[in-house]
Chemist: 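Have a look at this one.
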Amino acid sequence: MTAKIIDGKAFAEGLRGRIAEHVAQLKAEHGITPGLAVIIVGHDPASQVYVNNKARQTSEVGMNSFKYELAEDVPEAEVLALINELNNREDVHGILCQLPVPKHIDETKIINALNPAKDVDCFSPENVGKVAIGLPGPVPCTPLGSLMLLRDHLGDLSGLNAVVIGRSNLVGKPMASLLLRDSATVTIAHSRTKDLPAVCAQADIIVAAVGRPEMVKQDWIKPGATVIDVGINRIKAPERGEGKFRLVGDVDYKGVSEVAGAITPVPGGVGPMTIACLLANTVTTACLANGITPPSDLTA
Ligand code: GUN
């Protein structure tokens, strides 16, 4: 069998198109333009690229984009004061502080300072709790994107065996919550799991989110299973020349795609979904702030 390639880039493009339609409708019917504020502290080049992409895509779907670039040595109190100001602004519906922040700033204080109703990363304990019990609100972007791809490929997930590899607060745990909400039978595997290949062999769905390059092997996979690879690992690629790198996921793509029914590539799978879901969360929080039911196709 050769697996169908789940094209996250194309799906994300379609999702941004739907977001743009919802934004236009919010403006026309309610006079609301969703706004996303992004804060970046310092000059980390990778963070700059992420933040610029977020700001550009926010504008492209017709939302207001507010970008705050703070100096590397900005006092923590100033960042907290900015968050407080944004918490109180009516035209800002989502706030994101790009992580990591410099060492003199306490990441937990930043997350706790965000108004949970504007926490579009879904980092706050209140929002994580809402995801777990199925209340409306923002949903962590990478798990939401993975869920959308799974639903699009498989339709109803009810009763399917899903194995999530990785138990991080950002991906593994919320991913398991979302799969459970869709009535999958969910197993969370991690570094202490006994006989991981045997656990994976039962899975109709595997979500790999461990950050270990090409760990999931062909002979772990039930024929026809759907494999979502969340990993983005930079590994040396001497075949491309000295000092060159390439990106691989947590799944041995070549081997696994000979057995799986469908698989997300890296790059071009889950990655492009993440920013699109950030925009989706901003529409959701803008709706909730104004007593409007959020569009069901933008959330879990
Ligand atoms: N840094 C890398 N990814 C992310 C993300 O999804 N959100 C925030 N706030 N910072 C990040």
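First listed ligand is number 1; within each ligand, the first listed atom is number 1.
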Chemist: Are any side-chain N or O atoms of Asp252 and backbone N or O atoms of Glu214, one a donor and one an acceptor, separated by less than 3.5 Å?
Modeler: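 Answer holds: no.
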
Chemist: Just wondering, do Ile95 and Ile39 contact through their side chains at under 4.5 Å, heavy atoms?
Modeler: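 Yes; the side chains approach each other to less than 4.5 Å.
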
Chemist: Give a yes or no on whether Val101 and Tyr50 share a hydrophobic cluster (residues Ile, Leu, Val, Met, Phe, Trp, Tyr; joining criterion: side-chain heavy atoms under 4.5 Å apart).
Modeler: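 Different clusters: Val101 never reaches Tyr50 through Ile, Leu, Val, Met, Phe, Trp or Tyr contacts under 4.5 Å.
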
Chemist: Could you check Val216, Val230, Val207 and say which one makes a side-chain contact (heavy atoms from CB on, under 4.5 Å) with Ile165?
Modeler: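 Answer to the side-chain contact (heavy atoms from CB on, under 4.5 Å) test with Ile165 among Val216, Val230, Val207: Val216.
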
Chemist: For ligand 1, find each of its N or O atoms that sits under 3.5 Å from a protein N or O atom, and tabulate the pairs with distances to one decimal place.
Modeler:
from: ligand 1; atom 1: 1 (N); to: Gln98; atom 2: NE2; distance (Å): 3.1
from: ligand 1; atom 1: 1 (N); to: Leu99; atom 2: O; distance (Å): 2.8
from: ligand 1; atom 1: 7 (N); to: Asp121; atom 2: OD1; distance (Å): 3.0
from: ligand 1; atom 1: 7 (N); to: Asp121; atom 2: OD2; distance (Å): 3.4
from: ligand 1; atom 1: 9 (N); to: Cys97; atom 2: O; distance (Å): 2.9
from: ligand 1; atom 1: 9 (N); to: Asp121; atom 2: OD2; distance (Å): 2.7
from: ligand 1; atom 1: 10 (N); to: Leu99; atom 2: N; distance (Å): 3.0

Chemist: Identify every side-chain donor-acceptor pair in residues 275-282 under 3.5 Å, counting partners at least two apart or on other chains, and give the distances.
Modeler:
from: Asn281; atom 1: OD1; to: Val139; atom 2: N; distance (Å): 3.1
from: Asn281; atom 1: ND2; to: Val120; atom 2: O; distance (Å): 2.9
from: Asn281; atom 1: ND2; to: Val139; atom 2: O; distance (Å): 2.7
from: Thr282; atom 1: OG1; to: Leu278; atom 2: O; distance (Å): 2.9

Chemist: Is any side-chain heavy atom of Asn290 closer than 4.5 Å to one of Leu26?
Modeler: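 Answer no - side chains too far apart.
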
